Amino acid sequence: MAMKYPYTFTAKLVQFPIQHYFKHQWIWRFYFIAFGLSVPLFYKLQKLANMPANQEKWAESKRKQLAEHH
């Protein structure tokens, strides 16, 4: 039997209509679609950023910065 007024956290959690929000809010569908589409993009960017040539350019840039400050 449900309480007329759920005053404990557990009672509030049990009576919360989560199914309604999953069914009627657009954000849940688009969140998972956007996540699925962005994972390959971020993977490709990570691979490009960690290429040996790019790491050498970054190290050279850092060496120049440190040389200017000393």
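Fair warning: this is a prediction, and the values are worked out from it, not measured in the lab.
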Tell me, yes or no, whether the heavy-atom count around Gln65 atom CD, taken from other residues, nucleotides or ligands under 6.0 Å, exceeds 12.
yes
Please report the interatomic distance CH2(Trp58) to CZ(Arg63), rounded to the nearest 0.5 Å.
13.0 Å
Under 4.5 Å between side-chain heavy atoms, hopping through other hydrophobics if needed: is there a path connecting Phe9 to Ile18?
no
Parallel, tilted or perpendicular: rings of Phe16 and Tyr21 (30°, 60°)
parallel
Distance-only, no hydrogens or angles: does the Asn50 side chain make a donor-acceptor pair with backbone N or O of Gln46 under 3.5 Å?
yes
Would Ile27 end up clustered with Phe30 when hydrophobic side chains under 4.5 Å apart are linked, directly or stepwise?
yes
On a heavy-atom basis, which atom in Leu48 and which in Asn54 lie closest, and how many Å separate them?
O-ND2, 3.6 Å
For Lys57, is there an ion pair with Glu60 - N to carboxylate O distance below 4.0 angstrom?
no
On a heavy-atom basis, the closest approach of Ala49 and Gln55 is O-CG, 4.4 Å
Parallel under 30°, tilted from 30 to 60°, perpendicular over 60°: which one fits the rings of His24 and His20?
tilted
Test salt bridge (charged side-chain N to carboxylate O under 4.0 Å, His left out) applied to Glu56 - qualifying residues, sequence neighbours left out:
none
For the atom pair CZ (Phe35) and CZ (Phe42), what is the distance rounded to the nearest 0.5 Å?
9.5 Å
